[in-house]
Participant: 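Quick one: structure below, then a few questions.
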There are 2 protein chains.
Amino acid sequence: MTINDIARMAGVSKGTVSRVINHNPQGVSEQTRQRILELIEEVGYIPNRVAGSITLARTKTIGLIIPDIQNMFFPQMVRGVEDCAMENGYTLFLCNSDSNIHKEQQYLRAFLEKRVDGILVNTCGELEDRSLYRSVCQSGIPMVLLDRKSRDFTDKPGVYVDNQEAAYSGVTHLIDTGCRKILFLGGPKGVYTTGERLKGYRQALREAEIPFQKEYITYGAYSTASGYERVRHIIEAYPETDAIFAGADTIAIGVLRALRELNIPVPGQVSVLGFDNIMLSADLTPTLTTVAQPIYEMGYRAARKLLALIGGDPEGAKSECMSTTLVQRESTRSR
Amino acid sequence: MTINDIARMAGVSKGTVSRVINHNPQGVSEQTRQRILELIEEVGYIPNRVAGSITLARTKTIGLIIPDIQNMFFPQMVRGVEDCAMENGYTLFLCNSDSNIHKEQQYLRAFLEKRVDGILVNTCGELEDRSLYRSVCQSGIPMVLLDRKSRDFTDKPGVYVDNQEAAYSGVTHLIDTGCRKILFLGGPKGVYTTGERLKGYRQALREAEIPFQKEYITYGAYSTASGYERVRHIIEAYPETDAIFAGADTIAIGVLRALRELNIPVPGQVSVLGFDNIMLSADLTPTLTTVAQPIYEMGYRAARKLLALIGGDPEGAKSECMSTTLVQRESTRSR
DNA sequence: CTGAAAGCGCTAACAT
DNA sequence: ATGTTAGCGCTTTCAG
């Protein structure tokens, strides 16, 4: 069933049918419009948008690449993206890169081939294949970075938070409540956010004149298991620890569990500070003090920026920095 | 940059170029193939798959509709779907319906118009618009149901677990460990899984000759907040409660939090049983006893079934029932 | 092994 | 207000 069939059945030309299925306001009388609409309804014709896309040169589709939807940080962000996309008639391709550069490139390539109208990426780091990088740029497909800056796409706008400042405020809270021996359980080494958060940690120590000890720093996946495993080793090595700054709430969940199993009271003996404020952080035992990012909003804003870019609005080309807040709960002492 | 440009630059016909970009094994000499490949690489040509899709009548795209990716049950399932899709060269459209029939229909329609090769849906219930239902069927696009049966698409295959049997085994465990006054905090009324789990609950009570009390049953969203709020009211009304069967782990998280705030020891005074075994359930305090569903695997298998259907394999038309297991942890007493 | 040509279903001028 | 027609970029016979 094609537009030709409808045209023939309705006794009009396909141009007319095209006008009505595209809700083209003028160019067709109300009467014929109704007649065609009824016919379409009756025979169950569904326009083929992929055929239309080739002439229109737009697919009403956007692509999103994230490391892993199973990481509790991402669902909210993805939802923000999807809501904005759908409100504007776009459908969303979702891809999980596992922070693997090869997968990321493979998906990027698929997006280019499928002619998405825009690309959103929470990048894993740097691209290896320069030709793909060039292709993305020369394709002219708008792209906005989400949450993490890219060493390759330095010219692309993005939506971020000030990770250093955010970490600084969190660690300062730890210090203000009497902590001195603060472990940093970071995310993966080399990842943008990890580095920025470490800078904030160091800045807070420096200002409080607490010596920086590199043994207190570890790197690992942004996962519960990674937090859990690291705590067990590290606490044994540094029993003087009085606080742990987890580079993400997912890591903090593992930290809390490990501490509970070790019978170490939180925050009695060690305070625990998270980062992100995922929905779950208020349901943990103890509830988690954390540096809140506007996760859903970041996704939504990034999508909105992308749509602006697609629509040719120069506003879309600017990066945006959203603000964070410290959410104090039970896992750290109060002043 | 189109296939014509490449053909011209290479001094061959576009048919030849088409053969090489489609990795068509035969029909072109190794020599020209190499030459064209190099040229493509050099100029950065990216084939336009949407143009190809119109003649091929396939888009290498599948659509997935779920209620809400922010519900912690779904990320794992989506990941299972995505992994299978990507392994087979398919890209995934993700849509969140909020269990809203109108959104579900809107997305279904978008899938039809965009000519996805297959549809996967965790449906919210029944379709209202029969014409859309007819369209889905007459479009011939394969569809498989995931986790929840549909009252409309009764003829479509699906991947499920035996929810009744699963709930039965969980509640029986509660009874075996001495519980008698068991609350059921179900999911939304009318949703397929909720109904089946309630049947299992009743069956377990019946076999143990424990009278069924309808006051012990409540319905609500599959969310932490819903669990949290319901417990506070209901425990006050029925202080004799010695166990709570939450219709989902997400609900159980709220239950655990509420109980903790009320200083009710778990499982000392009340046992808590969840359903799903989301990743987090092992990290809760106390760790959650729950009926485990193979969440990732269900997504993966559903996608595989869909691809079988797309490939014309009649095996794909059969529904599949996966097995559940009871995972005993700290939130219930041991025998 | 390669070229030529006829579509695929639709949109967008341009006529009428 | 409607019809006509020339593509869009690619695949696929069918020849050569």
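Residue numbers begin at 1 in each chain, while the letters A, B, ... track the order of the sequences.
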Participant: Can a side chain N or O of B/Thr55 be found less than 4.0 Å away from OP1 or OP2 on C/dG9?
Facilitator: no
Participant: Given C/dG9, is OP1 or OP2 found less than 4.0 Å from the side-chain N or O atoms of A/Tyr45?
Facilitator: no
Participant: Quick check for you: to the nearest 0.5 Å, what is the distance between B/Met143 atom CE and B/Lys305 atom NZ?
Facilitator: 14.0 Å
Participant: I'd like to know if B/Arg19 reaches the base of C/dG3 with its side chain, counting only an N/O donor and acceptor under 3.5 Å.
Facilitator: yes
Participant: So which heavy atom on B/Lys114 is nearest to which on A/Thr61, and how close?
Facilitator: NZ-OG1, 3.5 Å
Participant: Report yes if a donor N or O on one partner sits less than 3.5 Å from an acceptor N or O on the other, where the partners are the side chain of A/Arg115 and the base of D/dG9; otherwise report no.
Facilitator: no
Participant: With respect to the side chain of A/Ser13, which nucleotide from D/dC10, C/dT11, D/dG3 is positioned closest?
Facilitator: D/dG3
Participant: For A/Ser18 and for B/Val12, find the nucleotide of DNA chain C with the closest heavy atom, then tell me which residue's nucleotide is more 5'.
Facilitator: B/Val12
Participant: Counting heavy atoms from C-beta on, name the nucleotide in C/dT11, C/dG9, C/dG3 closest to the side chain of A/Ile21.
Facilitator: C/dT11
Participant: Check whether any side-chain N or O of B/Asn48 sits under 4.0 Å from OP1 or OP2 of D/dC8, and answer yes or no.
Facilitator: no
Participant: Looking only at the side chain of B/Ile3 (C-beta and beyond, no hydrogens), which of the listed nucleotides C/dA12, D/dC10, C/dT2 gets closest?
Facilitator: D/dC10
Participant: Look at the side-chain N and O atoms of A/Ser29 and state whether any lies under 4.0 Å from the OP1 or OP2 oxygen of D/dT2.
Facilitator: yes
Participant: Are the side chains of B/Arg115 and A/Arg49 in touch, meaning some heavy atoms are under 4.5 Å apart?
Facilitator: no
